[in-house]
Amino acid sequence: NTEGATIYFTTDGTAPTQASRRYTAPLTIDSTVVLQAVAYRSGQRSAVLARSFIFGEFTDFPVVSIIIEPSVLFDPVSGLHVRGPRASNKFPYTGANYNSNREVNAYVDFIESDKSHAFGEYCKLRIFGGYSRMFPQKSLALTADEDRGSKRFKHEIFPDRPFKSYKHFVLRNSGSDFGGTHLRDAFITSLGREMGLTVQAYRPSITYINGKYWGILNIREKINRHFLAMHFGVDKDSVDLLEHNAGRKAGTRKHYEAMRNFMRDNDLSIQKNYEYITTQMDVVDFADYQIVQIFIDNQDAGGNIKFWRPQQPKGRWRWILFDTDFGFGHYGTGAKNNSLAFHTEPNGPNWPNPAW
């Protein structure tokens with residue numbers, strides 16, 4: 001509506017330029033499409049307007065529509081969503097494009113289950129997950145892009161959580177359960193939530209990429225320092241967040257290593273030693289976490305461990321229950337397996353229960 005401006009638009013996800021289709025009259029939109037438009041006047045260029053229009057059958061799920069330059073994801077040589085020419089020919093396809101953690105520009109519309117438009121925001125997008133990146137439907141991590149838009153996605157994405165906005169969220173392909181129930185981890189972690197364990201919120205969504213139906217992806221909170229700040233009221237810059245064998249995600253591993261060294265060097269059957277450890281870690285939280293892993297027979301539990309503490313004098317380590325897609329017999333022998341023996345073996349198999 002800028003007087004004297006010329007408007008150009010696209011409907012395939014490509015960024016509009018002066019080489020794009022010129023707007024001359026109102027458009028009739030009667031099928032699913034992503035529209036982007038830009039105005040030029042006197043050598044100046046406006047910001048790009050983007051919006052998704054979704055037609056068809058709606059469910060009780062919200063709709064997440066991603067608009068992104070198609071070549072960024074799907075170019076056969078450089079696209080982040082494809083295997084690419086540098087990948088090895090054998091599993092796990094080392095060198096595949098989709099193993100990159102590079103963030104790229106995108107735009108996301110969030111349409112609630114009542115068809116209301118909750119938000120449309122510029123974002124950063126990257127492929128997310130481990131081996132599940134090999135599946136045709138990838139997990140995606142989205143971060144609000146404050147350089148091009150807002151600092152946060154301003155919406156109660158999860159109605160059962162008290163939070164009004166989010167810096168990040170994940171669209172998850174259900175991990176190892178892709179092609180299975182597509183909700184295994186969400187169900188299992190809901191059991192842990194009832195026990196008081198820390199878990200990610202869950203909400204299934206109908207997803208589109210550049211107007212193309214992309215199936216069901218599960219909206220999940222992203223486990224990082226922002227997640228801890230929201231859930232526990234701690235300073236996001238004053239937490240230790242570790243994963244796997246003390247791999248650092250935020251803060252430092254010094255406190256954890258000191259605690260682990262103490263446990264190696266001191267007999268915890270001696271009461272004073274055990275009582276000291278209760279001041280370093282939340283033993284009940286750890287026990288409940290292990291009870292869930294044993295009960296569900298998660299034979300991949302050794303690969304998916306995240307734990308954290310606030311950097312405070314009395315800050316204790318707690319665990320986060322996530323990525324439980326191997327549970328309830330998805331892989332392995334299920335109820336026939338002695339999961340208690342498996343999880344408590346001091347020197348179990350190198351994988352998935354290494355000695356550390």
Side-chain angles (χ1 to χ4, degrees), residues 1-56 62-82 84 97 100-112 115-127 138 140-155 157 165-169 171 205-214 217:
N1 60 5
T2 301
E3 185 177 349
T6 304
I7 300 170
Y8 300 88
F9 68 95
T10 64
T11 56
D12 62 355
T14 57
T17 68
Q18 288 176 299
S20 303
R21 184 178 171 187
R22 183 176 177 180
Y23 173 80
T24 58
L27 305 175
T28 298
I29 297 176
D30 56 10
S31 60
T32 295
V33 70
V34 292
L35 177 68
Q36 293 186 96
V38 67
Y40 287 87
R41 186 182 67 179
S42 303
Q44 292 184 310
R45 181 179 184 273
S46 74
V48 174
L49 177 148
R51 185 58 59 92
S52 306
F53 297 89
I54 309 297
F55 289 74
V63 171
V64 179
S65 174
I66 295 168
I67 305 175
I68 188 170
E69 190 75 34
S71 62
V72 170
L73 290 184
F74 304 115
D75 182 272
V77 175
S78 61
L80 294 178
H81 207 278
V82 304
N97 293 5
S100 170
N101 286 323
R102 180 165 66 94
E103 286 191 321
V104 295
N105 292 333
Y107 180 91
V108 58
D109 276 315
F110 193 104
I111 302 168
E112 266 296 350
K115 302 183 183 180
S116 63
H117 183 249
F119 64 81
E121 290 289 352
Y122 292 105
C123 64
K124 293 292 186 182
L125 176 148
R126 70 176 180 87
I127 308 296
K138 319 294 185 198
L140 305 171
L142 283 69
T143 301
D145 187 353
E146 59 183 290
D147 292 333
R148 296 185 300 146
S150 301
K151 291 183 178 180
R152 302 178 72 85
F153 303 111
K154 298 174 182 176
H155 181 57
I157 295 176
S165 65
Y166 292 82
K167 179 68 175 175
H168 316 264
F169 66 91
L171 298 173
S205 73
I206 300 297
T207 308
Y208 288 80
I209 296 180
N210 290 337
K212 181 178 180 180
Y213 175 69
W214 212 251
L217 286 172

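As the structure is a computational prediction, the values presented were derived from the model and not from experiment.
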Not counting sequence neighbours, which residues clear ring pair (Phe, Tyr, Trp, His ring centres under 6.0 Å) with Tyr208? List them please. Tyr213

Considering residues at least two apart in sequence or located in another chain, which fulfil the side-chain contact (heavy atoms from CB on, under 4.5 Å) criterion with Asn101? Arg126, Arg133

Ala47 and Val38: which non-hydrogen atoms are nearest, and at how many Å? O-CG2, 4.1 Å

Nearest atoms (heavy-atom pairs only) where Thr32 meets Gly211: CG2-O, 3.4 Å

Using the test side chain to side chain donor-acceptor pair (under 3.5 Å), find all partners of Ser165 that sit at least two apart in sequence or belong to another chain. Arg152

Counting distance only, does the side-chain N/O of Ser42 pair as donor-acceptor with the main-chain N or O of Gln44 below 3.5 Å? no

Would you say the side-chain atoms of Asp109 and Ser52 include a donor-acceptor pair closer than 3.5 Å? yes

Under 3.5 Å, side-chain donor or acceptor atoms of residues 15-31 against the rest of the protein: list the pairs with distances, not counting sequence neighbours.
unit_1	atom_1	unit_2	atom_2	d
Thr17	OG1	Ala19	N	3.1
Ser20	OG	Thr17	N	2.9
Ser20	OG	Thr17	O	3.3

Among residues at least two apart in sequence or on other chains, which ones pass side-chain contact (heavy atoms from CB on, under 4.5 Å) with Ala50? Gln36, Ile67, Tyr107

Please tabulate, for the side chains in residues 3-10, all donor-acceptor contacts under 3.5 angstrom to protein atoms that are two or more places apart in sequence or on a different chain.
unit_1	atom_1	unit_2	atom_2	d
Thr10	OG1	Thr14	O	2.6

pair Ile111-Pro62: side-chain heavy atoms closer than 4.5 Å: no

Find out whether Val64 and Val108 are in side-chain contact, i.e. whether some heavy atom of one side chain is under 4.5 Å from a heavy atom of the other. yes

Any side-chain heavy atom of Tyr166 within less than 4.5 Å of one from His168? no

Ile66 to Leu140 - nearest heavy-atom pair and separation: CD1-CD1, 3.7 Å

Please tell me whether Glu112 and His117 have a donor and an acceptor in their side chains that are separated by less than 3.5 angstrom. no

Once rounded to the nearest 0.5 Å, what's the spacing between atom NZ of Lys138 and atom CD1 of Ile127? 7.0 Å

Could you tell me whether Glu146 and Lys167 make a salt bridge, using a distance below 4.0 angstrom between a side-chain N and a carboxylate O? yes

Test log, rule side chain to side chain contact (heavy atoms under 4.5 Å, CB included), inputs Leu125 and Ile68: CA-CA 9 Å; Leu125 176 148; Ile68 188 170; 4.3 Å; yes

Determine whether Phe153 and Phe169 satisfy the following criterion, ring-ring contact (aromatic ring centres under 6.0 Å, His included), listing intermediate values before the conclusion. CA-CA 9 Å; Phe153 303 111; Phe169 66 91; 5.1 Å; yes

Please round to the nearest 0.5 Å and tell me the distance separating atom CZ of Arg41 and atom OG1 of Thr2. 6.0 Å

Restricting to non-hydrogen atoms, name the atom on Arg45 and the atom on Val48 that form the minimum distance, rounded to 0.1 Å. NH2-CG2, 3.6 Å

For the atom pair CZ (Phe110) and OG (Ser205), what is the distance rounded to the nearest 0.5 Å? 7.0 Å

Please find the pair of heavy atoms, one from Asp145 and one from Lys124, that lie closest to each other, and give the distance. OD2-CE, 3.5 Å

Which pair of non-hydrogen atoms, one from Val77 and one from Asn97, has the smallest distance, and what is that distance? O-ND2, 2.9 Å

Roughly how far apart are Leu73 CG and Asn210 CG, rounded to 0.5 Å? 7.5 Å

